[in-house]
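Structure first, commentary second.
Source: prediction; values computed, not measured.
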Amino acid sequence: MGFISTILGFFGFGMGIVIGLVIGYFLFIYVLPTDVKHPDIRPLAEQDTESLQRLLPEIPLWVKNPDYDRLDWLNKMIELMWPYLDKAICKTAKGIVDPIIAEQIPHYKIESVEFQSFTLGTLPPTFPGMKVYITEEKELIMEPVIKWAANPNITIAVKAFGLKATAQVVDLQIFALPRITLKPLVPTFPCFAKIYVSLMEKPHVDFGLKLLGADAMSIPGLYRFVQEIIKDQVANMYLWPKTLEVQILDPSKAMKRPVGILNVTVVRAMKLKKTDLLGLSDPFVKLKIMDDKLSSKKTSVKHKNLNPEWNEEFSFVVKDPETQVLKFSVYDWEQVGSHEKMGVNILPLKDLTPDEPKVLTLELLKNLKPDDVQNEKARGQLVLEVMYKAFNDEELANGADESGTVEKAPDGTPEGGGMLVVIVHEGQDLEGKHHTNPSVRLLFRGEERRTKVIKKNRDPRWEEEFQFVLEEPPVNDRIHVEVVSTSKRMGLRHPKEALGYVDVYLADVVNNKRINERYHLIDSKNGRLQIELQWRTAS
């Protein structure tokens, strides 16, 4: 009897503990406290120092920090659109999650997992403020502050082994400070190729979780444990400098990265018609890829010759062979005044077969208007040797880094040397005493390059690119950049006026491969000029 009573006593003790824990759990969750006091609400002027310090985090950031902007307009717009945004977001989320669940449940012997209800509630997120960073790169950096105290109703039903259990997420709170970067900015809608998202600090996430109708987060210790796990897991994935990358457009197409090289040899011209009344003409050829920022390229001048031979080679970077066109123009060189055009024509790159050299004899036209009667008159011919070389997959992959900042130099670049690329972006606060028609003049190792003239503009934007092929890195060189204003008005005492200059030393460009700076111009009151310099090598 003693043995049996001992067994029954031990069994009764164990059952008592289990029953006691179950009853205590439900009493803890469902019995509401009766000693809840109403909060003491007093004006700020009557608060003590400690109370004010506790209230400080609740003050909007645009009040405490002047570099944060108010977003009342955005909050109002989201509030009005929230009923529709709620349905759209939930529908999209279910469309993403349902296939993942269907793929995973067979591995865990679960019969089904389905959403009984899925809504984010009636309370939209708010944005107390946002900071926007200004950089010299083609990017937009934003740091919005997100606060969301939501009342969602997300209920999931799980069936397994003939049993059904439900889990419900309620009373969601999220406080986060993300950094959202849109880059690179491109001239194709929506005007950015990728979105990068990072968290500048660990987010605060709070929510209620009901299992079988009971609030599981009310269990002592579980709430803080779950919160810390969520913070740590999210921080490990997205805390700065780690990022979530979302591709919107193909950067290679949106930015029109190089896809090949066009090699052109200007062989000769034949039967040119002279433009001078006395004597023969002095022809030269100007070549340019139309709708490209690169400046045109020119042959040498052949004096007093209507059947000149050049045999001069040129290379052009091709970004879109389906739409780009090579334009060539023959001019009669004039020592005084503008050069006179002798003829023009174009060559669509889509007519060329990659890696197949062609010898073309093209008729010179008066202009590019197809119905112009003047084009029927013979003006001579131009003989060209052309070959388009398309990059292979490896060259396309290695031609530029992830951000597309520095491309490789094209084939034919001298070994041990490279290509110095100067991109003149824009000017600011340029002002002349008599006129402001700015253009930029570059001087490097005796070569001179110029941008186009932009008339009557203190803040011009050029976006023009210039290239210098060098036998060795220019570590001891500098480039002289000068902004000038010119006017062709008759009788003007000052037809040309300097608006400022800057000398850029190139050692940093070679060491860093790329610099993009906004320089304050010397001899200018407030003038600034944004220039990007790249050192491209074949390796």
Side-chain angles (χ1 to χ4, degrees), residues 134 136-138 185 187 275 284-298 301 327-342 344 367-368 420-468 478-506 515-534:
I134 299 176
E136 305 299 341
E137 306 299 333
K138 295 179 179 179
L185 301 180
T275 58
F284 71 93
V285 182
K286 180 186 290 188
L287 302 98
K288 181 176 175 59
I289 298 289
M290 297 178 67
D291 299 327
D292 195 274
K293 298 176 184 177
L294 289 174
S295 58
S296 58
K297 298 184 179 183
K298 302 175 184 178
V301 178
K327 178 183 177 181
F328 54 89
S329 307
V330 181
Y331 286 89
D332 180 15
W333 179 81
E334 300 290 347
Q335 188 170 5
V336 179
S338 59
H339 308 306
E340 189 171 353
K341 185 181 292 187
M342 303 178 69
V344 65
N367 53 54
L368 298 178
L420 175 67
V421 179
V422 183
I423 305 174
V424 182
H425 287 294
E426 63 180 4
Q428 284 185 329
D429 296 329
L430 305 177
E431 186 174 5
K433 294 181 179 179
H434 305 92
H435 45 78
T436 305
N437 305 316
S439 64
V440 178
R441 175 171 169 259
L442 305 175
L443 286 176
F444 177 68
R445 291 187 177 180
E447 290 188 56
E448 179 180 332
R449 307 285 176 84
R450 290 178 179 269
T451 67
K452 61 184 178 182
V453 176
I454 299 181
K455 295 183 178 181
K456 299 180 180 180
N457 197 327
R458 295 182 55 189
D459 302 304
R461 190 174 187 86
W462 291 281
E463 297 294 347
E464 294 189 37
E465 179 177 315
F466 303 90
Q467 299 176 347
F468 301 87
R478 64 181 180 179
I479 184 169
H480 179 79
V481 184
E482 181 181 3
V483 183
V484 296
S485 175
T486 55
S487 177
K488 295 183 179 180
R489 289 173 55 189
M490 297 295 294
L492 196 65
R493 293 182 58 188
H494 304 278
K496 183 177 179 181
E497 185 176 344
L499 304 183
Y501 72 93
V502 64
D503 291 322
V504 182
Y505 290 85
L506 302 177
I515 60 173
N516 186 10
E517 299 287 346
R518 194 176 298 271
Y519 296 94
H520 288 269
L521 297 175
I522 301 173
D523 292 342
S524 176
K525 184 177 181 180
N526 298 310
R528 288 165 292 170
L529 185 66
Q530 184 185 350
I531 307 173
E532 180 180 345
L533 297 105
Q534 300 178 9

With a 3.5 Å distance limit and no angle check, can you tell me whether [X] reaches the backbone of [Y] through a side-chain donor-acceptor pair?
X      : Y      : result
Asn437 : Lys456 : yes
Glu447 : Phe468 : no
Trp462 : Lys452 : yes
Arg449 : Gln467 : yes
Glu482 : Ala498 : no
His339 : Glu334 : yes
Thr451 : Val440 : yes

From [atom1] ([X]) to [atom2] ([Y]), nearest 0.5 Å:
X      : Y      : atom1 : atom2 : result
Ile515 : Glu136 : CD1   : CD    : 12.0 Å
Glu426 : Glu464 : CD    : CD    : 13.5 Å
Lys298 : Lys286 : NZ    : NZ    : 5.0 Å
Glu497 : Thr436 : CD    : OG1   : 7.0 Å
Lys327 : Leu287 : NZ    : CG    : 11.5 Å
Phe466 : Ile423 : CZ    : CD1   : 10.5 Å

Angle class for the Phe284/Tyr331 ring planes (parallel below 30°, perpendicular above 60°, tilted otherwise)?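 It falls in the parallel class, under 30°.
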A side-chain contact here means heavy atoms from C-beta on lying under 4.5 Å apart; do [X] and [Y] qualify?
X      : Y      : result
Val422 : Phe444 : no
Val424 : Val481 : no
Lys341 : Asn367 : no
Ile531 : Glu517 : no

With a 3.5 Å cut-off and no angle check, do the side chains of Gln534 and Glu532 form a donor-acceptor pair?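 Present: a donor and an acceptor within the cut-off.
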Could you check Leu521 against Leu430 for side-chain contact (heavy atoms from CB on, under 4.5 Å), going step by step and ending with a plain yes or no? CA-CA 9 Å; Leu521 297 175; Leu430 305 177; 3.6 Å; yes
